[in-house]
Amino acid sequence: MSYIIKGHCLTNIDLAPKTTVQEVLQNIAVILSTPQFSVPLDRKLGMLQRFVDKPIQVAQPILISEVMDAVERDEPRAEVLNVTFELGKNPGALIPIVEVNIIDAEH
């Protein structure tokens with residue numbers, strides 16, 4: 001079963017998720033919302049942000065690569081199936097929409 005996570009949608013952080021699926025999806029949302037080097041005790045957590053200030057046609061493939069690398073590195077229980085985008089409220093803002101499969105999930 002696949003799940004959809006939209007970047008920058010951290011609304012309710014649950015410090016004790018009840019299922020593995022909830023935990024993994026929340027972890028991916030955190031990864032998508034965190035610039036790399038911004039977490040003091042885990043500088044590699046998050047995405048590099050190489051896509052910032054690039055034209056949309058250039059930023060999209062860079063962002064896809066960063067999403068796939070970051071999720072693979074920081075949340076090995078998830079497999080990225082697809083990355084699409086929606087435009088944000090600000091001009092040129094890309095919001096990643098990531099489809100993932102949870103590996104060995106306990107529902």
Applied to residues 11-27, the salt bridge (Lys or Arg N to Asp or Glu O under 4.0 Å) test, sequence neighbours excluded, yields Glu23-Arg77
What one should report as the nearest heavy-atom pair of Val24 and Ala78 is CG1-CB, 3.9 Å
Could you please spell out the steps behind the side-chain contact (heavy atoms from CB on, under 4.5 Å) verdict for Ile4 and Ile97? CA-CA 7 Å; Ile4 303 291; Ile97 301 171; 3.5 Å; yes
Which heavy-atom pair separates Gly7 from Ile95 by the least distance, and what is that distance? O-CG2, 3.3 Å
Look at the side-chain heavy atoms of Ile, Leu, Val, Met, Phe, Trp and Tyr, link any pair under 4.5 Å apart, and say whether Met1 and Leu81 land in one connected group. no
Going by heavy atoms in the side chains, are Asp74 and Asn27 under 4.5 Å from each other? no
Before you tell me yes or no, could you show the steps for Leu32 and Val98 under side-chain contact (heavy atoms from CB on, under 4.5 Å), namely the whole-Å CA-CA distance, both residues' side-chain angles and the distance that decides it to 0.1 Å? CA-CA 9 Å; Leu32 295 176; Val98 182; 3.8 Å; yes
I need the Glu99 CD to Ile5 CD1 distance, nearest 0.5 Å. 9.0 Å
Are Leu87 and Phe51 linked, directly or through intermediate hydrophobic residues, by side-chain heavy-atom contacts shorter than 4.5 Å (ILVMFWY only)? yes
Transitive ILVMFWY side-chain link Phe85 to Val52, under 4.5 Å: yes
Quick check: do Leu94 and Ile56 have side-chain heavy atoms less than 4.5 Å from each other? yes
Looking at Val80, is its backbone amide N or carbonyl O close enough to the side chain of Asn101 to form a donor-acceptor pair, meaning the two atoms are under 3.5 Å apart? no
Atom pairs and distances, donor-acceptor, side-chain atoms in residues 33-43, under 3.5 Å, two or more places apart:
{"residue": "Ser33", "atom": "OG", "partner": "His8", "partner atom": "N", "Å": "3.4"}
{"residue": "Ser33", "atom": "OG", "partner": "Ala29", "partner atom": "O", "Å": "2.9"}
{"residue": "Thr34", "atom": "OG1", "partner": "Val30", "partner atom": "O", "Å": "2.6"}
{"residue": "Gln36", "atom": "NE2", "partner": "Lys44", "partner atom": "O", "Å": "2.8"}
{"residue": "Ser38", "atom": "OG", "partner": "Pro35", "partner atom": "O", "Å": "2.6"}
{"residue": "Arg43", "atom": "NH1", "partner": "Phe37", "partner atom": "O", "Å": "2.7"}

Can you tell me if Glu72 has over 12 outside heavy atoms packed within less than 6.0 Å of its CD? no
Would you check, one step at a time, whether the test side-chain contact (heavy atoms from CB on, under 4.5 Å) holds for Ile13 with Gln26? CA-CA 7 Å; Ile13 299 293; Gln26 180 172 283; 4.1 Å; yes
Which value, rounded to the nearest 0.5 Å, describes the distance between Glu75 atom CD and Leu45 atom CG? 10.5 Å
Please tabulate, one pair per line, all N/O donor-acceptor pairs under 3.5 Å involving side-chain atoms of residues 59-71, not counting sequence neighbours.
{"residue": "Glu66", "atom": "OE1", "partner": "Leu48", "partner atom": "N", "Å": "3.3"}
{"residue": "Glu66", "atom": "OE1", "partner": "Gln49", "partner atom": "N", "Å": "2.9"}
{"residue": "Glu66", "atom": "OE2", "partner": "Arg50", "partner atom": "N", "Å": "2.8"}
{"residue": "Glu66", "atom": "OE2", "partner": "Arg50", "partner atom": "NE", "Å": "3.1"}

